[in-house]
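Let me begin by presenting the structure, written as structure tokens, before commenting on it.
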Amino acid sequence: MRLRFAPSPTGALHIGGARTALYNFLLARASGGALILRIEDTDRERSSAENIEQILDALRWLEIDYDEGPFLQSAREQRHRQALAALLESGRAYRCLATAADVKAFKERHGAQRGFRGRDDGEGAIRLRVPEQGETVVHDLIRGDTVFAHAHLDDPVIARADGSVLYNFAVAIDDLDDRVSHVVRGEDHLSNTPKQLLVIEAARELGLGGEDGPPAYAHLPLLHGPDGRKLSKRHGAASVQELRTEGLLPEAVCNYLALLGWGAGDDQTVLSREQLIARFTLERVSRNPARFDAAKLRWLNGIYIRALPAAELAARLQAFIATEQPEHAQALARHPQLLHRAAAISQEKIQTLAEFWPLAGFLFERREIDAQAAARHLDRAGRELLMRAYEALRTCEPFDERQIELALAAIIARERVKPGALYQPIRVAIAGRAVSPGIFESLAALGREQALERMKDALQTSAQQLALDG
RNA sequence: GCCGCCAUCGUCUAGGGGACUAGGACGCCGCCCUCUCACGGCGGUAACACGGGUUCGAAUCCCGUUGGCGGUACCA
């Protein structure tokens with residue numbers, strides 16, 4: 001199979017585009033064929049180099065790589081003009097002065113379901129001549145046959161008056177030139193397909209194509225936002241970059257995207273890249289639009305985070321903080337040897353990379369104690385127990401998880417309190433919050449000196465606070 | 001308006017005439033585990049849009065209605 005992903009660089013790559021790219025990629029890999037990346041930049045006003053770079057970057061991050069390209073559609077201008085000239089000369093296309101208002105007036109005169117037919121004015125925009133009779137059938141691999149009666153189709157504008165080509169023309173010629181065998185794209189292109197098929201047909205009749213026939217088409221169900229409407233750049237769509245900023249793993253994103261509109265058939269939801277390649281088929285792609293569910297993606301991401309070796313998680317966190325949370329990079333750099341351990345003890349408690357610092361950042365930098373947490377856990381009884389813990393930990397030797405646990409357990413037994421009554425005050429004192437990784441691990445990772453210092457300070461400030469409060 | 005696509009739990013889906021008192025996953029709720037938060041385990045909540053056919057039998061096939069979405073650009 002020869003497939004192509006053809007984004008228009010009019011914005012960042014969003015999840016709908018990413019899914020399309022992924023499906024094409026999976027098919028190319030499974031078939032041993034090729035994936036072509038073609039940038040559809042014929043819209044000169046809205047296309048930009050920055051957008052192209054963003055798209056390339058997003059694909060790199062997702063590890064969706066291509067075999068040919070990236071090609072710029074605008075670079076094929078000469079070829080497009082040549083094909084256009086041939087169509088014009090043969091009469092398959094014509095120049096027409098009709099405006100949008102003229103088209104509307106035509107419809108009012110002839111009935112709304114009657115396709116617009118222009119007059120050959122010898123100047124103006126270039127329209128493709130759609131045959132009066134017959135129909136064009138799109139043999140869609142996902143939807144089956146869809147019939148478009150020619151009578152209903154307008155003669156589409158395929159190039160502006162200045163000869164610059166439009167999407168429906170350029171894409172058809174390019175698919176032919178690139179010898180694309182399968183066009184896999186969003187369903188929003190389904191109604192465009194007969195126009196493209198007509199262009200291809202005309203081009204092939206004029207000997208402009210190669211040996212190959214038109215590509216096979218597969219139109220994917222659209223991705224909808226929470227509002228149930230098509231997801232697009234302008235419509236509350238998460239861009240790939242946003243997912244990255246949220247601390248999602250590319251492999252989790254790919255896994256989730258694969259599941260949006262496709263299922264393996266059994267009940268498996270966690271699928272590696274290799275499994276996806278092996279199992280993905282167009283036949284199993286759903287016809288229903290799918291809604292993007294951020295909660296499920298996060299859940300899946302948590303699975304992937306927990307499956308990572310701690311060292312790998314540490315490396316990902318390092319990179320993530322460097323680019324997405326640069327405000328913490330310095331603190332992190334001060335204790336490079338701590339990251340691996342911090343990652344290990346946080347791993348089962350975080351769902352995204354972004355959640356790491358709020359949970360375990362206290363290991364790297366001291367932070368203020370949350371007032372609510374202090375009020376709740378550093379009350380008189382809490383401080384009493386914190387004092388005991390302070391004494392015990394001062395002499396705890398070695399200062400490791402095992403010994404810390406034993407030392408604290410002794411206090412719990414002696415004072416006849418619930419574990420939480422002792423652990424929470426300690427947690428608040430060292431982490432500044434009522435939530436942290438396991439308390440023994442946290443203490444050990446922090447080290448005796450820092451732990452004792454923070455506990456002592458917490459004791460003092462909370463005592464002062466208590467005195468102030470009366 | 002017109003052309004087209006779609007229609008199973010809140011969401012993603014399994015289902016392709018009897019195996020369906022409709023399965024799984026996320027979410028939500030409850031219980032267990034438990035030093036917090038999570039993780040994990042167990043249980044629960046919840047759907048075949050509606051109406052006609054076809055058939056001994058329909059979530060599954062056909063038609064219609066309704067609804068949603070897309071297209072209808074000298075955007076892609």
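Please read these numbers as outputs of a predicted model, since none were measured by experiment. So that the names make sense, note that chain A is the first sequence line, chain B the second, and so on, each numbered from 1.
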Identify whether any heavy atom of [X] sits under 4.0 Å from a base atom; if not, whether one sits that close to sugar-phosphate; answer base, sugar-phosphate or nothing.
X	answer
A:Arg306	sugar-phosphate
A:Ser436	base
A:Thr99	nothing
A:Ala125	base
A:Asp266	nothing

Distance under 6.0 Å and angle within 45° of ring axis: A:Arg284 vs A:Phe280: no
For A:Leu282 and A:Ile142, which heavy atoms make the closest approach, and how far apart are they? O-CG1, 3.9 Å
Correct closest heavy-atom pair for A:Leu408 and A:Ala389 would be CD2-CB, 4.0 Å
Among the candidates [options], find the nucleotide nearest to the side-chain atoms of [X].
X	options	result
A:Gln351	B:G71, B:C35, B:C39	B:C39
A:Arg143	B:G24, B:C35, B:C6	B:C6
A:Ala295	B:A76, B:G27, B:G71	B:G27
A:Lys195	B:C69, B:U72, B:G4	B:U72
A:Asp188	B:C74, B:C5, B:G71	B:G71
A:Thr146	B:C35, B:U72, B:C5	B:C5
A:Glu348	B:A76, B:G24, B:A38	B:A38
A:His189	B:C5, B:A76, B:A25	B:A76

Span that lies between the [atom1] atom of [M] and that of [N], in whole angstrom:
N	M	atom1	value
B:C37	B:G43	C1'	23 Å
B:C48	B:U72	C1'	33 Å
B:A58	B:U11	C1'	26 Å
B:A46	B:A7	P	25 Å
B:C26	B:C42	P	11 Å
B:C50	B:C56	P	24 Å
B:C29	B:G10	C1'	14 Å
B:G51	B:G67	C1'	14 Å

Kindly say whether the aromatic ring centers of A:His152 and A:Phe148 come within a distance under 6.0 Å. no
For the pair made of [atom1] in [X] and [atom2] in [N], what is the distance, rounded to whole Å?
X	N	atom1	atom2	value
A:Ile439	B:C35	CD1	P	12 Å
A:Ile173	B:A76	CD1	P	15 Å
A:Asp102	B:C74	CG	P	11 Å
A:His110	B:C3	NE2	C1'	18 Å
A:Arg287	B:G15	CZ	P	11 Å
A:Ile411	B:C35	CD1	C1'	13 Å
A:His152	B:C2	NE2	P	11 Å
A:His219	B:G71	NE2	C1'	11 Å

Scan every strand shown for a Watson-Crick or G-U wobble partner of [N], both distances under 3.5 Å, and answer none if you come up empty.
N	result
B:U54	none
B:C42	B:G30
B:A47	none
B:G16	none
B:A25	B:U11

Which of A:Asp154, A:Asp155, A:Asp102 passes salt bridge (charged side-chain N to carboxylate O under 4.0 Å, His left out) with A:Arg117? It is A:Asp155
B/S/- contact track for nucleotides 8-13 of chain B, protein heavy atom under 4.0 Å: S--SBS
Given 3.5 Å as the limit, does a donor-acceptor pair link the side chain of [X] with the main chain of [Y], or not?
X	Y	answer
A:Arg454	A:Ala431	no
A:His150	A:Gln133	yes
A:Asn301	A:Leu248	no

Contact nearer the 5' end of RNA chain B, comparing A:Ala112 with A:Leu97: A:Ala112
Where each residue is assigned the nucleotide of RNA chain B containing its nearest heavy atom, which of A:Leu166 and A:Gln113 is assigned the position nearer the 5′ end? A:Gln113
Donor-acceptor pair under 3.5 Å: do we get one between A:Lys349's side chain and the base of B:C39? no
I'd like to know if A:Asp41 reaches the base of B:A76 with its side chain, counting only an N/O donor and acceptor under 3.5 Å. no
For a quick test of reading the model: is some side-chain N or O of A:Thr269 closer than 4.0 Å to OP1 or OP2 of B:G24? no
Describe, in one word, how the ring planes of A:Phe364 and A:Trp357 are oriented to each other, choosing from parallel (under 30°), tilted (30 to 60°) and perpendicular (over 60°). parallel
Taking the six-membered ring for Trp, are A:His80 and A:Phe169 parallel (under 30°), tilted (30 to 60°) or perpendicular (over 60°)? perpendicular
With a cut-off of 6.0 Å (strictly less than), are more than 12 heavy atoms of other residues, nucleotides or ligands near CD of A:Gln372? no
